[in-house]
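Reviewing the structure listed below.
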Amino acid sequence: MNTMKYLRLVSLGATLASAFAMATAGQLTSLVDTRIGSGGHGHVFVGANVPFGLVQVGPTSIPQGWDWCSGYHDSDSTVIGFSHTHLSGTGCGDLFDITLMPVTGKDLTYARGVESDPGSGLWSYADRSREVTRPGYYSVPLERYGITAEMTSTSRVGFHRYTFPQSADGAVIIDLRNGGCDDRATDASMAPAGNNMIVGHRHSRGWAKNQKVFFAMEFSRPFDSFELMGDDKLYGRAGFSTADGERILVKVALSPVSIEGALFNLRAELPGWDFDATAGRADELWERELSRIRVKTTDEEARKIFYTCMYHTMIAPSEFCDVNGDYRGANGEVVKDAPFKCYTTYSLWDTYRAAMPLLSITQPERYPDMINTMLAICDEQGRLPVWHLWGCETDCMVGNPAIPVVAEAIVNNIPGVDRTKAYNALLTTAMNPGRGNGLRMELGYIPCDKFKEAIAYDMEYALADGAIAKAALVMGDTLNHIYFTGRSHSYRNYFDPASGFMRGRMHDGAWRTPFNEFDTSHRSNDYCEGNAWQYTWLVPHDVEGLRECFGSNARMTEKLDSLFTISSELAGEDISPDVSGFIGQYAHGNEPGHHIVYLYTYLGQPHKTADKVREILSTLYTTGHDGLAGNEDVGQMSAWYILSSLGFYEVDPGSGEFRFGTPLFDEAEIDVPGGTFRITAQGNSDRNRYIKSMTLNGKPYRKPYITYADIMKGGELKIKMTSKK
């Protein structure tokens, strides 16, 4: 692959037009508010990192409940320390590895502690009124100890700067015991390697069943003493006598492979001690990535939301290898000198819908390695990933969510991806009988009395089969195109013409009774984090077939209209908290419905898509700390905003076709391998939200979608907007 072709950077210093605010390099990181999504149920990471970095260094709090999946929540200011790995936006918590806590005093309790008892652990309140958080940098004062903690990062190294008061008993505590949520250390140790270096490892079990982290930690001055503390000796105390205002710096390099790998990463990425320069470099890296899309608008709030969303989409997938390319495979074996850069944190049930298609456009130099990582995982564990975390398959969520991503790499002919290898991975995964797929292959559908969440599993499998059928066509495999097209229609077994819903079907063909279309029992009904109202529409690969199920265009439209006007009530036991962000029963806070508003474009009513897209963009995304309608889910919620605000969205995964909605911005420029893809919306306003006509590179354009190939070539899409529906 011609690397230089894919590394075009945006030139700095573009001039602002007086009437508009055109986002240009040098100013975009200041628009990012990393606290958006830290309240409510957004679960976003708050701390310091670089784009797609292995390290996410930031505060971890005492609570381990659902709203602390990232370790941080807007409602709580407790800090047990600053951990080097965090998730962002997930609905399940893990990681929080290698936690540092600067302290003063010797009479301390080496435990996580509880907020009701200030002396129960090492924890401190953080002074959130003086907290500073921006891309690549985080700082907060710790009230208990009078210490100001600052941190920045390279990809594999967290860099701390602690400003101490005068103390004869200052220390930096290394905590290997505490993770977060379900994470528990299974094997951990540390030891000095000289008088200013500590090395060790932390192996743990949680959501990731066999996570292995190795570290090398270097201090800017020799520690006066080092002791192992706590009953299990999983706390290390590096002691210092400090003058008032003295700064102690600590560099912590991680490796998924070995201590030697961590030491190598430390020397390669951060050989010096210039904290401010490192933070400045992190800002430059974020600025470069954010500037891959530049938008023009008078709406400053929308611009702030847009670039915060851009930031969120580039926290993960995270690099999962040493500087030399070594990584730990899904089978637990170390792979040396891999020919690709390995990535992890694949929340694919969420991200196959928008986040991965967006990255295929904005990250053409990284994207092949993301796909190649999935193919390697297939070799290592026998099937493509479902939800991969630090080399471990969690099997979280339903279906085969990697299949649409890999299939689309074939359809879009992504450079650097072996299409034959990718296609074989699709077939291997699709024929794997696990996770209910064997029942489906035997009976043609998954009976709800034989398998929990049967409808959700089956419909996601059907969607994936539709993507394979498209890839088979590209590969010239007619037999598998026919076979998987047929399999992709399995959803039709669940459609009940009498009710107009997808409904559970038993092994003998009978309908599940009683039936309540509002039942949203969490992970225990026939759906997955949803109900019949949301799942009836999970057929983006076969909209025409769904229309046939309803019997007519008019009946399908009537039912779709009712989705947005029916009561938002939910029923069932333990109602799923993931189902949120309601307009009627449309739930934008969870991913299965993200394509639904674009179905109107298939039904000949694109004005309804425009109306609903504008409503969602303006009401379900805000600049508040609770500014997301649900979990961020590793970039998916933000990717929906980015694509939809640009004016299009990929409804049918694996198709390479992005359906038009309504552009939010007057102008947008996307850096692509072919140059720049420019979108201009003439006469755009909240009233003029409907597309009247379009030209592509000066020629009339009448398709209801733009292709991936046309975007990546570069050019100009001019859209004339109107108030007429």
Side-chain angles (χ1 to χ4, degrees), residues 20-21 23 293-307 309-310 353-354 357-358 361 537 540 543 557 560-561 563-564 581 583-584 586 588 593-622 629 637-652 657-670 677-696 700-708 710-711 716-725:
F20 299 97
I293 304 180
R294 301 167 299 284
V295 299
K296 181 179 180 180
T297 179
T298 56
D299 187 340
E300 288 300 311
E301 182 165 304
R303 195 160 68 113
K304 186 174 184 179
I305 294 170
F306 182 87
Y307 283 105
C309 284
M310 284 280 287
R353 307 169 199 268
L358 174 67
I361 295 171
W537 311 102
V543 179
T557 302
L560 186 55
D561 287 342
L563 172 71
F564 298 98
I583 303 173
Y586 172 77
H588 191 71
H594 273 189
H595 67 289
I596 292 176
V597 295
Y598 288 89
L599 293 180
Y600 282 116
T601 67
Y602 293 82
L603 299 173
Q605 298 188 14
H607 65 280
K608 291 184 179 179
T609 292
D611 288 338
K612 290 293 181 281
V613 168
R614 286 289 178 108
E615 181 179 359
I616 294 166
L617 289 172
S618 62
T619 64
L620 296 180
Y621 293 85
T622 75
M637 197 69 66
S638 287
W640 190 97
Y641 186 96
I642 293 166
L643 289 172
S644 293
S645 67
L646 292 174
F648 45 73
Y649 186 87
E650 187 178 37
V651 177
D652 182 5
E657 297 175 354
F658 293 79
R659 285 263 163 174
F660 292 117
T662 176
L664 183 64
F665 302 114
D666 302 323
E667 186 176 321
E669 293 180 343
I670 308 171
F677 184 72
R678 181 177 293 106
I679 306 159
T680 59
Q682 299 173 349
N684 190 34
S685 68
D686 185 57
R687 187 166 179 266
N688 293 351
R689 64 178 62 176
Y690 310 112
I691 295 174
K692 179 181 180 181
S693 63
M694 294 181 287
T695 62
L696 180 62
Y701 193 84
R702 297 182 178 87
K703 294 179 182 178
Y705 58 82
I706 186 78
T707 66
Y708 175 85
D710 280 338
I711 293 171
E716 184 169 22
L717 179 70
K718 287 187 176 181
I719 306 174
K720 287 187 178 180
M721 307 298 292
T722 181
S723 61
K724 296 181 180 180
K725 298 182 180 180

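Between Ile596 and Leu560 the shortest side-chain heavy-atom distance falls below 4.5 Å. A heavy-atom distance below 4.5 Å is found between the side chains of Leu696 and Ile706. At a threshold of 4.5 Å between non-hydrogen side-chain atoms, the residues Ile679 and Phe648 count as touching. Here the side chains of Leu563 and Asp561 are not in contact, with every heavy-atom distance at 4.5 Å or above. Side-chain contact between Ile719 and Pro663 is present, with at least one heavy-atom pair separated by less than 4.5 Å. In this structure the side chain of Phe658 reaches within 4.5 angstrom of the side chain of Ile361, judged on heavy atoms. Contact check for Leu617 versus Ile305: no side-chain heavy atoms found under the 4.5 Å cut-off. Looking at Ile616 and Trp640, their side chains come closer than 4.5 Å, going by heavy atoms from C-beta outward.
Shortest non-hydrogen contact noted between Leu620 and Gly581 is CD1-O, 3.8 Å. Residues Tyr307 and Ile293 come closest through the heavy atom pair OH-O, 2.7 Å. Closest approach of Phe677 to Leu717, counting heavy atoms only: CZ-CB, 3.9 Å. The two residues Ala302 and Leu664 make their nearest non-hydrogen contact at CB-CD2, 4.1 Å. The heavy-atom pair separating Tyr690 from Asp611 by the smallest distance is OH-OD1, 2.6 Å.
Distance check: Asp652 CG to His595 NE2 gives 9.5 Å after rounding to the nearest 0.5 Å. In this structure, CZ in Arg689 is found 12.0 Å from OG1 in Thr722, a value given to the nearest 0.5 Å. The distance from the NZ atom of Lys720 to the CG atom of Asn688 is 13.0 Å, given to the nearest 0.5 Å. Separating the CZ atom in Arg294 from the CZ atom in Arg678 is a distance of 8.5 Å, to the nearest 0.5 Å. Going from atom CD of Glu657 over to atom OH of Tyr705 covers 4.0 Å, rounded to the nearest 0.5 Å. Note that OG1 of Thr707 is 11.0 Å distant from CD of Glu650, once rounded to the nearest 0.5 Å.
Take Tyr621 and apply the ring pair (Phe, Tyr, Trp, His ring centres under 6.0 Å) test, not counting sequence neighbours, and it matches His588, Tyr641. Residues forming a side chain to side chain donor-acceptor pair (under 3.5 Å) with Ser644 (at least two apart in sequence, or on another chain): Tyr598. Remark: Arg687 pairs with Ser685, Ser723 by the side-chain contact (heavy atoms from CB on, under 4.5 Å) rule, at least two apart or across chains. Here Lys718 pairs with Thr680, Gln682, Thr695, Glu716 under the side-chain contact (heavy atoms from CB on, under 4.5 Å) rule; sequence neighbours left out. In this structure, the side-chain contact (heavy atoms from CB on, under 4.5 Å) partners of Gln605, at least two apart in sequence or on a different chain, are Thr557, Tyr600, His607, Lys608. For the ring pair (Phe, Tyr, Trp, His ring centres under 6.0 Å) test, residues two or more places apart in sequence or in another chain that qualify with Phe564 are Tyr586.
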### Query
Does the pair Arg614 and Thr662 meet the rule for a side-chain hydrogen bond (donor to acceptor under 3.5 Å, both in side chains), with working shown?
CA-CA 7 Å; Arg614 286 289 178 108; Thr662 176; 3.3 Å; yes
Q. Does the salt bridge (charged side-chain N to carboxylate O under 4.0 Å, His left out) test come out yes or no for Glu301 and Lys304, once each step is laid out?
A. CA-CA 5 Å; Glu301 182 165 304; Lys304 186 174 184 179; over 6 Å; no
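When atom types are taken as modelled, the side chain of Asp666 and the backbone of Thr297 share no donor-acceptor pair closer than 3.5 angstrom.
Tyr602 carries Arg659 over the face of its six-membered ring, with the cationic atom under 6.0 Å from the centre and within 45° of the normal.
Taking the six-membered ring wherever Trp is involved, the centroid distance between the rings of Phe660 and Tyr649 does not fall below 6.0 Å.
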